[in-house]
*Asks:* 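The structure follows.
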Amino acid sequence: MPQYWWVNHKQTVRQEIGGGYLWSPKQENNGARSQFYENMRIANPGDVVLSFANTWIRHVGVVEAHCVTAPKPGHFGASGAYWAQDGWWLPIRWTPLSQPVRPRDLADELAPLLPRKHSPFNAIRGTGNQKAYLARVERAVIETILGRAGLALEAVQAGENRSFEQLVEALDDEAERAITQDLTIAETERLEQVKARRGQGRFRANVSVMEKACRITGISNPDLLTASHIKPWRSCTTGTERLDGNNGLMLVPHIDRLFDRGLISFQDDGRILVSPLLAFADVQRLGLTSALEESVGLFTSGQAVYLKYHREFVFLREDRPEARVRFKAP
DNA sequence: GGGCGCGCTGG
DNA sequence: CCAGCGCGCCC
């Protein structure tokens with residue numbers, strides 16, 4: 001069953017509609033959790049989203065794939081200058097409404113359908129709710145809005161979504177262009193940084209020195225392992241970060257993706273943490289259950305330490321204390 | 001299209 | 001309580 005969402009995004013509506021995505025920070029600037037940002041991770045492919053901006057709903061979208069960690073889009077410009085550099089990126093296939101809808105005109109109909117908390121819209125005042133970004137709504141809200149727009153929900157859902165791999169490729173292509181166009185970096189160095197995107201070259205060599213097997217599955221055959229970034233390659237801001245073996249794990253490829261989505265991660269005591277968003281069936285299918293049982297004590301002094309922070313994980317090494325991030329209990 | 005006040009959320 | 005943040009409104 002799909003879920004239904006409503007996004008308030010006046011500040012970035014042009015970029016997000018034009019680019020076919022939603023982007024949000026992972027937490028508020030003071031580190032506080034935001035349900036509206038967490039919803040970016042809860043959204044599934046096939047979910048339906050209403051786009052609200054400047055008092056109008058002008059687009060409806062279908063979520064194309066799960067969110068991934070990604071840097072703040074460069075073309076946001078001055079909008080959201082205070083947002084963190086890294087956030088959640090959720091690909092959306094948008095459809096414009098030939099008859100845009102002003103929810104204020106439907107306030108009486110919407111009032112009983114909207115949630116009491118985390119509502120994107122105040123039906124009494126007839127205004128969008130400040131603070132709300134991606135908000136969960138009932139199917140009936142979508143049907144009411146689309147009914148007024150003269151558009152069937154089925155027509156919106158019909159159509160091909162791009163695959164997760166295609167979308168992530170396109171996202172990474174952007175980061176790669178930035179590197180290849182940066183002529184302040186020597187050409188050989190640019191090449192190595194680009195190779196690191198695929199877990200190849202000097203990056204792989206650096207990681208393999210310290211990581212001899214996949215820490216989740218225990219697989220040690222190098223042919224089956226990908227050199228994966230802990231801080232994703234597309235989010236790295238320096239060549240050092242892109243090539244640093246400290247910023248890597250040898251993982252089997254589908255585990256690599258789970259890291260990218262923040263669904264599995266290491267705690268600083270070495271335990272593997274599985275996000276509640278990952279279904280238990282997935283955990284079993286991946287063969288993670290035994291790893292979970294035996295996961296305590298994977299790390300010894302001097303090895304990489306992983307910290308849980310609002311269900312997102314950053315890494316640090318004891319030999320790089322300047323990069324230390326304070327542990328915050330969930 | 002950018003700045004300011006307002007009201008909801010979370011700490 | 002206060003801080004943060006995105007809307008409505010204003011220009």
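Naming: A, B, ... by sequence-line order, numbering from 1 per chain.
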*Asks:* Taking 4.0 Å as the cut-off, does a side-chain nitrogen or oxygen of A:His9 come that near to OP1 or OP2 on C:dC7?
*Replies:* no
*Asks:* Are OP1 or OP2 of B:dG7 and a side-chain N or O of A:Asn129 less than 4.0 angstrom apart?
*Replies:* no
*Asks:* Is a salt bridge present between A:Glu176 and A:Arg198, judged by a nitrogen-to-oxygen distance below 4.0 Å?
*Replies:* no
*Asks:* Restricting to non-hydrogen atoms, name the atom on A:Arg242 and the atom on A:His229 that form the minimum distance, rounded to 0.1 Å.
*Replies:* O-NE2, 2.7 Å
*Asks:* Testing the 3.5 Å rule here: is there a donor-acceptor pair between the side chains of A:Asn39 and A:Arg136?
*Replies:* no
*Asks:* Answer with base, sugar-phosphate or nothing: what part of the nucleic acid does A:Ala78 contact at a heavy-atom distance below 4.0 Å?
*Replies:* nothing
*Asks:* Roughly how many Å is it from CG in A:Leu134 to P in C:dC5, rounded to a whole number?
*Replies:* 17 Å
*Asks:* Calculate the interatomic distance between A:Gln11 atom CD and C:dC5 atom P; express it in whole Å.
*Replies:* 10 Å
*Asks:* May I have the distance from A:Arg116 (atom CZ) to B:dG7 (atom P), rounded to whole angstrom?
*Replies:* 23 Å
*Asks:* Across the strands shown, which category fits A:Phe52 at heavy-atom distances under 4.0 angstrom: base, sugar-phosphate, nothing?
*Replies:* sugar-phosphate
*Asks:* Nearest to the side chain of A:Thr55 - C:dG8, C:dG4, B:dG10?
*Replies:* C:dG8
*Asks:* Let me know the distance between CH2 of A:Trp56 and C1' of C:dC7, rounded to the nearest Å.
*Replies:* 16 Å
*Asks:* I need the NZ-C1' distance between A:Lys26 and C:dG4, as an integer number of Å.
*Replies:* 20 Å
*Asks:* Would you say A:Glu138 has more than 12 foreign heavy atoms packed within less than 6.0 Å of its CD?
*Replies:* no
*Asks:* Quick one: the side chain of A:Lys10 and the base of C:dG8, do they pair up donor-acceptor inside 3.5 Å?
*Replies:* yes
*Asks:* Let me know the distance between CG of A:Asn122 and C1' of B:dC8, rounded to the nearest Å.
*Replies:* 9 Å
*Asks:* Using a heavy-atom cut-off of 4.0 Å across all strands, would you classify A:Phe121 as base, sugar-phosphate, or nothing?
*Replies:* nothing
*Asks:* When you get a sec, tell me which of C:dC9, B:dG10, B:dG1 is the closest nucleotide to the side chain of A:Arg14?
*Replies:* B:dG1
*Asks:* A:Gln27 CD to C:dC5 C1': how many Å, rounded?
*Replies:* 15 Å
*Asks:* So, is A:Arg125 close to the B:dC8 phosphate, meaning a side-chain N or O under 4.0 Å from OP1 or OP2?
*Replies:* no
*Asks:* Could you tell me whether A:Asp173 and A:Arg197 make a salt bridge, using a distance below 4.0 angstrom between a side-chain N and a carboxylate O?
*Replies:* yes
*Asks:* Rounded to the nearest Å, what distance is computed from the CG atom of residue A:Asn29 to the C1' atom of nucleotide C:dC5?
*Replies:* 9 Å
